[in-house]
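Right, one structure below, let's go through it.
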Amino acid sequence: MIDKIKELASKKFDSFEIVEIKTESTPVSYSAGKLKSVNATEKHGFALRAIKDGKIAFSSTTKPEDAEGLVNQTLAAIPYSPKAEIEFAGETGALPNPSIEDDKIKKLGTEEMIEMGGILVEKLKPLHEKGKIGGGVSKDSSTMRIVTSNGFDKTYSKDEMGMGAAIGVVDGENMLSCWNSIDGTTYNDDTNSIIKRVSTFFNWGMKNVPVKSGKYKVLFTPNAVGDIIGILKASWMGTTVYKKVSPWKDKVGQKIADEKLTIYDDGTIDGLGVSSPFDCEGIPSQKTAIIEKGVLKGFIADKVTAKRLGIDPTGNGFKRGGGFDSSNNIDATPITASSNNVILPGTKKSDDILAGMDEGILVDSLLGTMMGNALSGMLSGNIGLGFHVKDGKVLGRVKDAMLTFNLFAAIQDSILEISSDVENITSWAGNCLNPWMLFDNGVLATK
């Protein structure tokens, strides 16, 4: 198919870029303690971006052997397309080679996945006789190839595996839901780590404790740190910088945070789901410093945004289908998007940070944080799952409470600790490698 597209496109366009994406997915899911579904799906598509008469057009297809239709559709769009601001990728030297393939994931069969999901469910059943238990295991194998008229022709393959479990219960006035998951490009059958976290938080959450409104120390789990990243990253996206709406647009080289804080965007890390040798425009993946020891170092950008900003593209041009989807979609054009958001860990274990809290709130999830204006820096949401901590001990669950931080101020003045242990988290904030983070002066409002 690609050879046919090349043959036809070379006759009709000044230059072109062809992207092929093939994905095979197998999710196994459990609901209400029973096996719900086992599905296997395959997606295979081709996308064409082409330049003619100074304009750039885009089209895609999932129809096999429809090279002529794809080329003609792209050609028909040229008169109505924007001015071309970029050139397509050319020949390149050595590319990063992160470890993103695993033969054990490739060979993982549905029977083994069903067994692993069943283990998760059975281990959670003793927690509560009325518990509604769900979970599942998934695997994905994908291949991306990019070919351009300028001599770029590269392919990479990726294997991903995910596993998670949850329990929910309604017991009187107490509605409690706890979950945990792991994922990445390395085979992992550690059901015990998932069960341990879910069980611990569930047992803590079965006791509700009163908490007064006021200012508290707040310890965010890696899951909750995802909300922090989701808000802050709006300010380091090249698109908001170009539009001059980022509050950090003129602050490169300035100290904007405590020196404890270092954040990278890094698409070269072994084992993480968004790592790859190159992005969807053929730009090599890289480690891009955002904040180093509190100093703002730079932004991330796809090709178009980078040109507009007068910087080099950072390997962050991805064919994302939506704000909450970190996979590449054949029918999307490249936009500026995160690879792996990485916060540099500290020196103290999370258990020791928790044990050292005199009084505060432990937060695992917040509700509604993505609905506000991220560029204001306000982190505000109802506590979905959180706990009152006193003298290093968890007393019980905090209910009917809202937590508020001005993150721009908090990362400057209120970071107390960053843990040495980190977790790979996938959420609305993207794919993140997050530590636990302890802040001072969180504003808690309770009923």
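On a predicted model such as this, the values are computed, not experimentally measured, just so you know.
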Okay, side chain of Asn72, backbone of Glu68: is any donor-acceptor separation there less than 3.5 Å?
yes

Is the distance from the ring center of Trp248 to that of Phe408 below 6.0 Å?
yes

Under 3.5 Å side-chain donor-acceptor pair for Tyr264 and Glu292:
yes

Can a donor-acceptor pair be found between the side chains of Asp331 and Ser60 at a distance below 3.5 Å?
no

side-chain contact (heavy atoms from CB on, under 4.5 Å) against Thr200, all qualifying residues, sequence neighbours excluded:
Lys196, Trp204

Pair Thr143-Ser157, side-chain donor/acceptor within less than 3.5 Å:
yes

List for me each residue that meets side chain to side chain donor-acceptor pair (under 3.5 Å) alongside Ser25, sequence neighbours excluded, and say none if there are none.
Asp140

Using every non-hydrogen atom in the two residues, find where Pro96 and Pro284 come nearest and quote the distance to one decimal.
CD-CB, 4.1 Å

Distance-minimising heavy-atom pair for Trp428 and Asp227
NE1-OD1, 2.7 Å

N/O donor-acceptor pair under 3.5 Å between Thr74 side chain and Phe58 backbone
no

Looking at every heavy atom in both Asp159 and Asp102, which two are closest together, and how far apart are they?
OD2-N, 3.0 Å

Should Leu261 and Ile263 count as side-chain neighbours, where that means a heavy-atom distance under 4.5 Å?
yes

Can you confirm whether Lys215 is buried at NZ, in the sense that more than 12 heavy atoms of other residues, nucleotides or ligands lie under 6.0 Å from that atom?
no

Thr288 OG1 to Gln286 CD distance, which is reported to the nearest 0.5 Å
3.5 Å

Using side-chain contact (heavy atoms from CB on, under 4.5 Å), reason through Phe299 and Val252 one step at a time and then give a plain yes or no.
CA-CA 9 Å; Phe299 313 109; Val252 173; 3.5 Å; yes

Begin from the C-alpha positions of Ser275 and Asn340 and carry the test side-chain hydrogen bond (donor to acceptor under 3.5 Å, both in side chains) through to its verdict.
CA-CA 7 Å; Ser275 294; Asn340 303 299; 2.9 Å; yes

Compute the ring centroids of Phe405 and Phe220, then answer whether they are less than 6.0 Å apart.
yes

Do Leu272 and Asn424 have side-chain heavy atoms sitting under 4.5 Å apart?
yes

Between Lys4 and Glu65, is there a donor-acceptor pair closer than 3.5 Å when you use the side chain of the first and the backbone of the second?
no

Step through the shown structure and confirm whether more than 12 heavy atoms of other residues, nucleotides or ligands are within 6.0 Å of NZ on Lys249.
yes

Ignoring hydrogens and geometry, is there a side-chain-to-backbone donor-acceptor pair from Ser339 to Gly267 under 3.5 Å?
yes

I'd like to check Lys139 versus Leu108 (side-chain heavy atoms, cut-off strictly below 4.5 Å). Are they in contact?
yes

Does the Lys NZ or Arg CZ of Arg397 fall within the cation-pi geometry relative to Phe387 - under 6.0 Å from the ring centre and within 45° of the axis?
no

Taking all heavy atoms of Ala301 and all of Ile311, pick out the closest pair and write down the distance.
CB-CD1, 4.2 Å

Could you state the interatomic distance from CG (Leu8) to CG (Leu75), rounded to the nearest 0.5 Å?
11.0 Å

Would you please say whether a donor-acceptor pair under 3.5 Å links the side chains of Ser350 and Asp421?
yes

Gln254 side chain to Asp250 backbone, donor-acceptor under 3.5 Å:
yes

For Asp265 and Trp236, does a side-chain donor sit closer than 3.5 Å to a side-chain acceptor?
no

Would you sort out whether Glu101 and Thr185 count as a side-chain contact (heavy atoms from CB on, under 4.5 Å), showing the intermediate values?
CA-CA 6 Å; Glu101 287 189 86; Thr185 63; over 6 Å; no

May I ask you to decide whether Lys303 forms a salt bridge with Glu281, counting only side-chain N to carboxylate O separations under 4.0 Å?
no

Return the OG to CD1 distance between Ser338 and Ile229, rounded to the nearest 0.5 Å.
8.5 Å

Could you measure the distance from the CG atom of Leu48 to the NZ atom of Lys6? Nearest 0.5 Å is fine.
13.0 Å

More than 12 heavy atoms of other groups within 6.0 Å of Lys106 NZ
yes

Verify whether one side chain among Thr446 and Ser213 offers a donor that lies under 3.5 Å from an acceptor in the other.
yes

Which heavy-atom pair separates Ser81 from Ala57 by the least distance, and what is that distance?
OG-CB, 3.3 Å

Taking the side chain as C-beta and beyond, is there a heavy-atom pair between Ile56 and Lys83 under 4.5 Å?
no

Leu403 and Val363, any side-chain heavy atoms less than 4.5 Å apart:
yes

Looking only at the side chains, is there a donor atom on one of Thr268 and Asp266 sitting less than 3.5 Å from an acceptor on the other?
yes

Please check this pair: side chain of Lys233 against backbone of Ala429, looking for a donor-acceptor N/O pair closer than 3.5 Å.
yes

Closer than 4.0 angstrom, basic N to acidic O: yes or no for Lys260 and Asp258?
yes

Derivation and outcome, side-chain contact (heavy atoms from CB on, under 4.5 Å), residues Asn373 and Met378
CA-CA 7 Å; Asn373 178 11; Met378 291 304 297; over 6 Å; no

Please determine if Lys307 and Glu85 form a salt bridge, counting it only when a charged side-chain N lies under 4.0 Å from a carboxylate O.
no

Quick one: does any side-chain atom of Asn406 pair with a main-chain N or O of Ala409 as donor and acceptor, under 3.5 Å?
yes

Contacts under 3.5 angstrom, residues 435-445 side chains, donor-acceptor by atom type, not counting sequence neighbours:
none

When rounded to the nearest 0.5 angstrom, what distance separates CE in Met237 from CD1 in Ile290?
9.5 Å

Can you confirm whether the side chains of Thr148 and Asn150 place a donor and an acceptor under 3.5 Å from each other?
no

Taking Lys217 first and then Asp358, would you say they form a salt bridge - that is, a charged N and a carboxylate O separated by under 4.0 Å?
yes

Are there more than 12 heavy atoms of other residues, nucleotides or ligands under 6.0 Å from atom CD of Glu359?
yes

Hey, what do you get for OG (Ser59) to CZ (Arg49), rounding to the nearest 0.5 Å?
13.0 Å

Verify side-chain hydrogen bond (donor to acceptor under 3.5 Å, both in side chains) between Thr426 and Asp183, making sure each step is shown before the conclusion.
CA-CA 8 Å; Thr426 301; Asp183 61 0; 3.2 Å; yes

Would a distance-only check, ignoring hydrogens and angles, find a side-chain to backbone donor-acceptor pair under 3.5 Å from Thr369 to Ser380?
no

Checking Asn329 side chain against Ser327 main chain: does a donor-acceptor pair fall under 3.5 Å?
yes

Going through the checks in order, is the side-chain contact (heavy atoms from CB on, under 4.5 Å) test met by Asp302 and Thr305?
CA-CA 5 Å; Asp302 63 83; Thr305 304; 3.0 Å; yes

Would Asp14 and Lys52 pass as an ion pair if we require N to O under 4.0 Å?
no

For Ile21 and Met144 the tightest heavy-atom approach is CD1-CE, 3.6 Å

More than 12 non-hydrogen atoms from neighbouring residues, nucleotides or ligands closer than 6.0 Å to CD on Glu42, yes or no?
yes

Test your reading of the model: is there a side-chain donor-acceptor pair from Asn180 to the backbone of Arg197, 3.5 Å cut-off?
no

